[in-house]
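This report concerns only the one structure given below.
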There are 2 protein chains.
Amino acid sequence: MADVAREAGVSVASVSRVLNGHPARPGTADRIRKAAAELGYLPDLAARSLKMRRTEQVSLVVDDLGNPAYIDMMRGVERVLRDAGYRLQISAIGSDADLGTSTALHTVSRGYADGLIICPLRINAELVQVLEASPIPVVVIGTLPRGARLDNVTVDSSSGVRLALEHLHGLGRRRVAFLGGPVDTNPGTRRLAGFRTAARALGLPGDPELESVTDAWTYEAALTAFDRLLGRTDFDALLAANDVLAIAAMHTLHRRGRRVPQDVAVVGVDDSEVTAFSTPTLTSVALGAQRRGAMAARLLLRRLADPEAPLRRLREVPRLQVRESTTGSAEPVGAGHPTAQPSTAAADPHAGPAEQEHR
Amino acid sequence: MADVAREAGVSVASVSRVLNGHPARPGTADRIRKAAAELGYLPDLAARSLKMRRTEQVSLVVDDLGNPAYIDMMRGVERVLRDAGYRLQISAIGSDADLGTSTALHTVSRGYADGLIICPLRINAELVQVLEASPIPVVVIGTLPRGARLDNVTVDSSSGVRLALEHLHGLGRRRVAFLGGPVDTNPGTRRLAGFRTAARALGLPGDPELESVTDAWTYEAALTAFDRLLGRTDFDALLAANDVLAIAAMHTLHRRGRRVPQDVAVVGVDDSEVTAFSTPTLTSVALGAQRRGAMAARLLLRRLADPEAPLRRLREVPRLQVRESTTGSAEPVGAGHPTAQPSTAAADPHAGPAEQEHR
DNA sequence: CTGAAAGCGCTTACAG
DNA sequence: CTGAAAGCGCTTACAG
């Protein structure tokens, strides 16, 4: 910047002003812009944000971008934030809890981002403590321990799982198996618990043989866990803890000559884009990832505008999106084109009846 | 930091030293750490990187994280960079070319990241100019205009398309249709051109009716473009410009009662995770997204270590991954478990014969 | 081992 | 409209 000032024969103050669009005499402005262009001057963002005390940037931390639900969530966050003039930075931290905490620690320092939205697969006390101590606003997507003093977006996944089970029950299925995610993750435990509760409520058999959990949220891991299930017991329906696991199961069923949905009806969770990728298309519990992302972004914007605002928790209400893997029909029960991208079709992040506010 | 110093009764210099692990008298160090913990002190990263002239952070800019190939690419970048002690920040810029340039402009400023890896769908002269003028090292993944002075990773997608066509030709297919991506994107044009060249080389009919292009790299857009193709002409094979488009086409074929591969053999491009999601599984041209990501990261690391190193271009060589959508068999022709995650199974980002160096 | 001081590259009242 | 100067929060020679 000093070079530009020298080249243009002005002070650095003028360079700063002109380059930031403040008024200046046309001749001066021209000289400065010309000099800046000639020298290929680009501002130093660290210096600027040190002085300005803001970065105009928000950080989104997720565990694994490989899960399409996170992509939807990111889209929701991005849209709201971009409209508000913030850029979005994404950190994918793998699913290492320690790494999560250290990434969080880094992010919540000042000077790196003005705010943080984090959606951790694992939430421990240490992480909560770090987030609560953050000098920049933080919004957590996911269920927090009681009493955590953080803005928060949740989804009642238990009721989502219940919707799925009621749907299967209504179709006459009585032996419903559960293909769960890793139980050392937050959604893994919660969806399993939700399955057990809902199964009991419906009077379905509480047979532990009907449950199998993966050790990762991946297609590969699902194949293994589902093989255990198949080798062990019989069932006429399967609820998988997310869409990718469900698709892996459907593939195995197809290879074994079991028909979906005639022999086994299959339901996934997340209602992500991949529900359209399988044959038959996949019935799934929509947890409103994109909407949750947008809700979290709006919560963050509010907190940025008013650091003293009371804590707030927003809760997304799940919906069931019925497709061929349970009904066999190409026509969906609800509205919408059967082959439309579900996440896009279903989610207007800016409004909707499924959003509930808490406290 | 001044607060911590006061609380601990030392100077800010000592606080800085202790918190950065430099030697200090144990008593002093303890007092400082205690004070920092009590006050919930977190360093200001803008100040630190202004002083240090480095952020220990690298930025990856991609157009659309919805495309699974980018996820693979990100994994490749992330692994190499993390091992080298850098954190990875991702910016998804949608596919807006202007936005791309302005994001790039922002990123290549100093103080935000130490280096940039960018994989743009559209590359124009303005973008190249901005990148060339960057004060921080830049690596571009994608084909650059001749003479661009930038470290670069490319893939010979034409030869990939040729592999696919030769495979289809070898299976006796003579009317091969092409479902292309948007022609205003770099890969969109290049893959279409590659198709035409390879078709001519094989003596296949150069019938324009066999070509249809989408206006977006999405499942939805593919349905529309593929309907045009179906309504217009007959074919016994389809090459789609990426996996998602291929899966959309397979779905339509399935709905119309056309068998894959018996009636129409289908090949995608990218060999992404979704190739396992469809029934039948999808034969696909692997463009080594994860490997390209890793190559780009290594190029960046090299440039970071030696700003004066000569420019370098690395070229990834495509491979064909044969699956059920062309052979009908559940057994792949090559090695590997048929249901394994292709991207993980196929790619060791750290080595391999498919990598070629140029100039 | 520790403190006082300079300086990283910006922005912005404050004068003129 | 423009310049001189202070200061954002760090780190690090330089003394002691």
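Not measured: the values here are computed from a predicted model. Reminder, nothing fancy here: chain letters follow the sequence lines and each chain counts from 1.
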Could you state the atom-to-atom distance from [atom1] of [X] to [atom2] of [N] in whole Å?
{"X": "B:Leu19", "N": "D:dC10", "atom1": "CG", "atom2": "P", "value": "10 Å"}
{"X": "B:Asp3", "N": "D:dC8", "atom1": "CG", "atom2": "C1'", "value": "15 Å"}
{"X": "A:His22", "N": "C:dT11", "atom1": "NE2", "atom2": "P", "value": "8 Å"}
{"X": "A:Arg17", "N": "C:dA15", "atom1": "CZ", "atom2": "P", "value": "15 Å"}
{"X": "B:Ile32", "N": "D:dC10", "atom1": "CD1", "atom2": "P", "value": "14 Å"}
{"X": "B:Leu42", "N": "D:dC10", "atom1": "CG", "atom2": "C1'", "value": "14 Å"}
{"X": "A:Tyr41", "N": "C:dG9", "atom1": "OH", "atom2": "C1'", "value": "7 Å"}

Under 4.0 angstrom, heavy atoms only, what part of the nucleic acid is B:Ala13 near: base, sugar-phosphate, or nothing?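 Base: the residue B:Ala13, judged by heavy atoms under 4.0 Å, touches a nucleobase.
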Identify whether any heavy atom of B:Ser16 sits under 4.0 Å from a base atom; if not, whether one sits that close to sugar-phosphate; answer base, sugar-phosphate or nothing.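 The answer is base, as B:Ser16 lies within the cut-off (heavy atoms under 4.0 Å) of a base atom.
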Could you work out the separation of C:dT11 and C:dA15 based on their P atoms and round it to a whole Å?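 About 22 Å, rounded to a whole number of Å.
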P gap between C:dC14 and C:dC10, integer Å: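 Nearest-Å result for C:dC14 against C:dC10 at atom P: 24 Å.
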Indicate whether OP1 or OP2 belonging to [N] is found under 4.0 Å from a side-chain N or O atom of [X].
{"X": "B:Tyr112", "N": "C:dG9", "value": "no"}
{"X": "B:Arg25", "N": "C:dT2", "value": "yes"}
{"X": "B:Ser14", "N": "C:dG3", "value": "yes"}

List the residues meeting side chain to side chain contact (heavy atoms under 4.5 Å, CB included) with A:Pro307, not counting sequence neighbours, and say none if there are none.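 A:Pro307 satisfies side chain to side chain contact (heavy atoms under 4.5 Å, CB included) with no other residue.
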Watson-Crick or G-U wobble partner for C:dA4, using a 3.5 Å limit on both distances?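 Pairing partner: none.
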Does any donor atom in the side chain of A:Tyr112 or B:Gln89 lie under 3.5 Å from an acceptor atom in the other side chain?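 There is such a pair between these side chains.
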Reading DNA chain D from 5' onward, which residue's closest nucleotide shows up sooner: A:Val12 or A:Thr28?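 Going by which nucleotide is closer to the 5' end, it is A:Thr28.
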List the residues meeting side-chain hydrogen bond (donor to acceptor under 3.5 Å, both in side chains) with B:Asp3, not counting sequence neighbours, and say none if there are none.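 Once residues adjacent in sequence are excluded, the partners of B:Asp3 under the side-chain hydrogen bond (donor to acceptor under 3.5 Å, both in side chains) criterion are B:Arg6.
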Given C:dC1, C:dG3, D:dC10, the nucleotide with the shortest approach to the side chain of B:Met1: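 The nucleotide sitting nearest to the side chain is D:dC10.
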Check this for me, if you would: do A:Asp44 and B:Arg53 make a salt bridge, where the nitrogen-to-carboxylate-oxygen distance has to be below 4.0 angstrom?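 The answer is yes: the pair qualifies as a salt bridge.
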Is the shortest distance from a Lys or Arg side-chain nitrogen in A:Asp151 or A:Arg312 to a carboxylate oxygen in the other one below 4.0 Å?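 A salt bridge is absent here (no side-chain N lies under 4.0 Å from a carboxylate O).
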Are A:Leu131 and A:Ile118 close enough, and set up right, to give a side chain to side chain contact (heavy atoms under 4.5 Å, CB included), and what steps lead you there? CA-CA 9 Å; A:Leu131 297 179; A:Ile118 183 168; 3.9 Å; yes
Closest heavy-atom pair and its distance - B:Glu56, B:Asp114: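 For B:Glu56 and B:Asp114, the tightest heavy-atom pair comes out as N-OD2, 2.7 Å.
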Strictly below 4.0 Å, heavy-atom distances to any atom of DNA chain D: list the hits from residues 44-55 of chain A, or just say none.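 The stretch gives A:Leu50, A:Lys51, A:Arg53 as the residues lying under 4.0 Å from the strand, ordered by number.
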